[in-house]
Participant: 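Handing you a structure now.
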Amino acid sequence: MVQIAPSMLSADFLHLEKDVRMVNENADLFHLDIMDGTFVPNISYGFPVVEAIARKAEKPLDAHLMIINPDKYVERFAAAGVKMLSFHYDAVEDPAYVIEMIRANGMIPGIAINPDIPVEKLFPYISSCGFMLIMSVFAGFGGQKFIETTYSRIRTLKEEINRQGAECLIEVDGGVSPANASALAEAGADILVAGSAVFKAADPSAVISAMKQDQII
Ligand code: DX5
Ligand code: ZN
């Protein structure tokens with residue numbers, strides 16, 4: 001069954017503990033979007049927020065780094081309690097080096113790509129990553145419209161993962177909601193990130209269970 005990773009970027013920061021509890025009770029992972037205002041034109045939040053969430057989280061933390069020089073911060077994310085750590089393909093010179101560094105710090109590495117980067121660029125790293133993060137919007141902001149070409153990108157990547165006999169999971173991020181969750185799972189997605197669909201809903205837990213049960217609501 002597909003795993004759901006609510007994006008805390010859309011949480012209520014004045015009542016963060018309430019939203020952390022909701023994720024603990026209903027979802028599978030905490031998706032933490034880290035933006036530096038340089039790799040992407042937006043700034044999100046940093047270590048104080050990640051550490052606060054970590055103190056109450058009962059599900060693994062999945063941090064998505066949208067920053068330049070991600071290698072500089074790998075150790076600190078490990079110390080903050082992050083379990084899955086992804087960086088953008090075009091934010092580094094040598095992805096293999098950063099993957100190795102993430103593993104050496106006891107975390108599961110993943111590479112993220114924006115919709116304009118061919119998925120084939122990920123193929124050489126499939127066997128060394130625990131997951132790949134396919135962006136279904138351009139990284140930088142929550143609440144954007146899902147890009148439809150994502151389905152074929154997931155299928156292409158899934159075929160290559162199977163061809164290599166690798167364990168690598170596929171995570172999809174951006175504009176995910178109950179309206180496209182089942183089609184994404186069918187295309188080969190293993191983890192669905194959802195920010196606004198979950199936190200802007202009157203009943204976030206109902207949205208999560210709708211996405212998990214592949215129902216359309
Ligand atoms: C966008 C972030 C996403 C974002 C998803 O750059 O990586 O994780 O929070 O938000 P929604 O689900 O609202 O598109
Ligand atoms: Zn993200």
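Just so it is clear, the structure is predicted and the values come from calculations on it, not from any experiment. In listed order, ligands and their atoms are each counted from 1.
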Participant: With heavy-atom distances below 4.0 Å as the criterion, list the atoms of ligand 1 near G175.
Facilitator: 11 (P), 12 (O), 14 (O)
Participant: Measuring from atom 9 (O) of ligand 1, which candidate in S7, A11, G143 has the nearest non-hydrogen atom?
Facilitator: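 Checking each option, the heavy atom nearest atom 9 (O) of ligand 1 is found in S7.
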Participant: Could you name the option among V176, D33, V172, N114 that has the heavy atom nearest to atom 2 (C) of ligand 1?
Facilitator: D33
Participant: If the cut-off is 4.0 Å to any non-hydrogen atom of H31, which atoms of ligand 1 fall inside it?
Facilitator: 8 (O)
Participant: Among N114, I117, I113, L65, which residue satisfies the side-chain contact (heavy atoms from CB on, under 4.5 Å) criterion with H88?
Facilitator: N114
Participant: Can E100 and R103 be counted as an ion pair, charged N to O under 4.0 angstrom?
Facilitator: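 No.
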Participant: Out of the N/O/S atoms in D173, what is the name of the one closest to the Zn ion (ligand 2)?
Facilitator: OD2
Participant: Please check if the number of heavy atoms outside K59 that lie under 6.0 Å from its NZ is greater than 12.
Facilitator: yes
Participant: What's the shortest distance from atom 3 (C) of ligand 1 to any protein heavy atom, and which residue and atom give it?
Facilitator: D173 OD1, 2.9 Å
Participant: For a side-chain contact (heavy atoms from CB on, under 4.5 Å) with F87, tell me which candidate from I67, D71, I102 qualifies.
Facilitator: I102
Participant: Using a strict 4.0 Å cut-off to heavy atoms of M135, name the atoms of ligand 1 that fall inside it.
Facilitator: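 It comes down to these atoms of ligand 1: 7 (O).
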Participant: Who's the nearest protein heavy-atom neighbour of atom 12 (O) of ligand 1, and how far?
Facilitator: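 Answer for atom 12 (O) of ligand 1: G195 N, 2.7 Å.
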Participant: So which bit of A194 gets within less than 4.0 Å of ligand 1, heavy atoms only: side chain, backbone, both or neither?
Facilitator: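 A194 to ligand 1: backbone contact only, side chain stays beyond 4.0 Å.
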Participant: Under 4.0 Å between a Lys/Arg side-chain N and an Asp/Glu carboxylate O for D90 and K121?
Facilitator: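 Looking at D90 and K121, the cut-off is not met.
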Participant: Among I170, D190, V176, which residue meets the side-chain contact (heavy atoms from CB on, under 4.5 Å) test with L184?
Facilitator: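 Among I170, D190, V176, the one that satisfies the side-chain contact (heavy atoms from CB on, under 4.5 Å) with L184 is V176.
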Participant: Output the list of atoms in ligand 1 that are nearer than 4.0 Å to some heavy atom of H64, sorted by atom number.
Facilitator: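 In order of number, 7 (O).
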